[in-house]
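Below is one structure, written out as structure tokens, with a few remarks after it.
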Amino acid sequence: QVQLVESGGDLVQAGGSLRLSCVASGSVFAINNKGWYRQAPGKQRELVASISSTGSTNYAASVKGRFTISRDNAKNTVYLQMNNLKPEDTAVYYCNVRMRTYFTGWNDYWGQGTQVTVSS
């Protein structure tokens with residue numbers, strides 16, 4: 001009864017910028033923590049950035065100062081602004097949201113993933 005839809009991934013040159021969006025819809029009652037993960041070929045999924053229900057943020061060292069996670073609670077949307085992209089940022093990016101619906105308790109939900117490719 002809930003969906004997470006990601007968008008914004010693209011092919012971009014090094015130094016460019018992208019903004020990823022993740023929208024929750026359906027029978028959403030409440031949202032707690034939100035985060036962005038990425039998975040590069042041959043590597044495990046890693047946390048990129050997270051934001052709590054109070055607005056506190058955390059970033060992986062590799063992206064700190066370049067990426068910004070934000071939210072629009074009224075739209076049930078979380079964003080990842082990515083600036084000064086590097087080839088090392090190439091990965092599939094996934095949003096992760098802890099939500100509860102009107103009918104269930106708290107669970108983690110994942111977006112479908114969006115491909116970000118940074119060319120050198």
Side-chain angles (χ1 to χ4, degrees):
Q1 294 299 109
V2 297
Q3 302 85 38
L4 282 179
V5 179
E6 299 181 40
S7 62
D10 206 349
L11 171 64
V12 65
Q13 289 185 312
S17 298
L18 289 172
R19 189 181 74 161
L20 307 184
S21 300
C22 178
V23 182
S25 63
S27 302
V28 180
F29 176 74
I31 295 176
N32 197 345
N33 294 336
K34 297 167 283 291
W36 287 95
Y37 291 73
R38 67 185 181 188
Q39 187 167 19
K43 297 183 178 180
Q44 294 189 0
R45 192 171 299 184
E46 64 174 347
L47 176 66
V48 177
S50 64
I51 185 168
S52 73
S53 60
T54 63
S56 298
T57 58
N58 287 285
Y59 298 92
S62 59
V63 307
K64 194 169 186 178
R66 299 187 296 120
F67 291 10
T68 303
I69 187 171
S70 62
R71 64 185 181 179
D72 187 334
N73 290 335
K75 298 180 179 179
N76 284 340
T77 302
V78 61
Y79 304 96
L80 185 68
Q81 178 67 46
M82 304 183 294
N83 297 325
N84 192 24
L85 283 161
K86 303 177 180 180
E88 303 88 86
D89 297 319
T90 295
V92 178
Y93 285 71
Y94 300 89
C95 65
N96 173 264
V97 180
R98 175 163 284 267
M99 300 186 290
R100 67 172 298 166
T101 72
Y102 288 100
F103 313 106
T104 66
W106 292 100
N107 286 292
D108 283 343
Y109 295 84
W110 291 89
Q112 82 281 5
T114 185
Q115 177 71 48
V116 172
T117 302
V118 184
S119 62
S120 59

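It should be emphasised that the depicted structure is a prediction, and the values quoted were computed from it without experimental measurement. When a residue number appears, it is its place in the shown sequence, counting from 1.
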Discussion item. Checking the side chain of Ser62 only, and the main-chain atoms of Ala60 only, is there a donor and an acceptor separated by less than 3.5 Å?
Written reply: no

Response to the item:
Those residues at least two apart in sequence (or on a different chain) that pass side chain to side chain contact (heavy atoms under 4.5 Å, CB included) with Ser52 are Asn33, Thr54, Ser56

Worksheet item: Between Lys34 (side chain) and Asn32 (backbone), is there a donor-acceptor pair under 3.5 Å?
Response: yes

Practice prompt. Quick one: closest heavy-atom pair of Pro87 and Ala14, and the distance?
Written response: CD-CB, 4.1 Å

Practice prompt. Measure from NZ or CZ of Arg45 to the centre of the six-membered ring of Tyr94 and say whether it is under 6.0 Å with the direction within 45° of the ring axis.
Written response: yes

Response to the item:
Sorted by chain and residue number, the ring-ring contact (aromatic ring centres under 6.0 Å, His included) partners of Tyr37 (sequence neighbours excluded) come out as Trp110

Worksheet item: Is there a donor in the side chain of Glu88 and an acceptor in the side chain of Thr90, or the other way round, less than 3.5 Å apart?
Response: no

Response to the item:
Using a 4.5 Å side-chain heavy-atom cut-off and chaining through intermediate ILVMFWY residues, the residues clustered with Trp106 come out as none

Worksheet item: Is the backbone of Cys95 close enough, under 3.5 Å, to the side chain of Glu6 for a donor and an acceptor to pair up by distance?
Response: yes

Discussion item. If the condition is salt bridge (charged side-chain N to carboxylate O under 4.0 Å, His left out), which residues does Arg66 pass it with, not counting sequence neighbours?
Written reply: Asp89

Practice prompt. With sequence neighbours excluded, tell me which residues meet side chain to side chain donor-acceptor pair (under 3.5 Å) with Thr57.
Written response: none

Discussion item. Once side chain to side chain contact (heavy atoms under 4.5 Å, CB included) is applied, do any residues pair with Asp108, and if so which ones, sequence neighbours excluded?
Written reply: Asn96, Arg98

Practice prompt. Check which hydrophobic residues are tied to Leu11 through side-chain heavy-atom contacts below 4.5 Å, counting indirect links as well, and list them.
Written response: none

Worksheet entry | Pairs flagged by salt bridge (Lys or Arg N to Asp or Glu O under 4.0 Å) wherever residues 53-64 is involved - sequence neighbours left out | none

Worksheet entry | Contact list for residues 13-23, test side-chain hydrogen bond (donor to acceptor under 3.5 Å, both in side chains), sequence neighbours left out | Ser17-Asn83

Practice prompt. Run through the side-chain heavy atoms of Ile, Leu, Val, Met, Phe, Trp and Tyr, join any pair under 4.5 Å, and report what else lands in Leu20's cluster.
Written response: Val12, Leu18, Trp36, Val48, Ile51, Tyr59, Val63, Phe67, Ile69, Val78, Leu80, Met82, Leu85, Tyr93, Val116, Val118

Worksheet item: Under the salt bridge (charged side-chain N to carboxylate O under 4.0 Å, His left out) test, which residues partner Glu46, sequence neighbours left out?
Response: Arg38

Worksheet item: Going by side-chain heavy atoms closer than 4.5 Å, which hydrophobic residues are tied to Ile31, directly or by a chain of links?
Response: Val2, Leu4, Val28, Val97, Met99, Tyr109

Discussion item. Working to the nearest 0.5 angstrom, can you tell me the gap between Gln3 CD and Ser27 OG?
Written reply: 8.0 Å

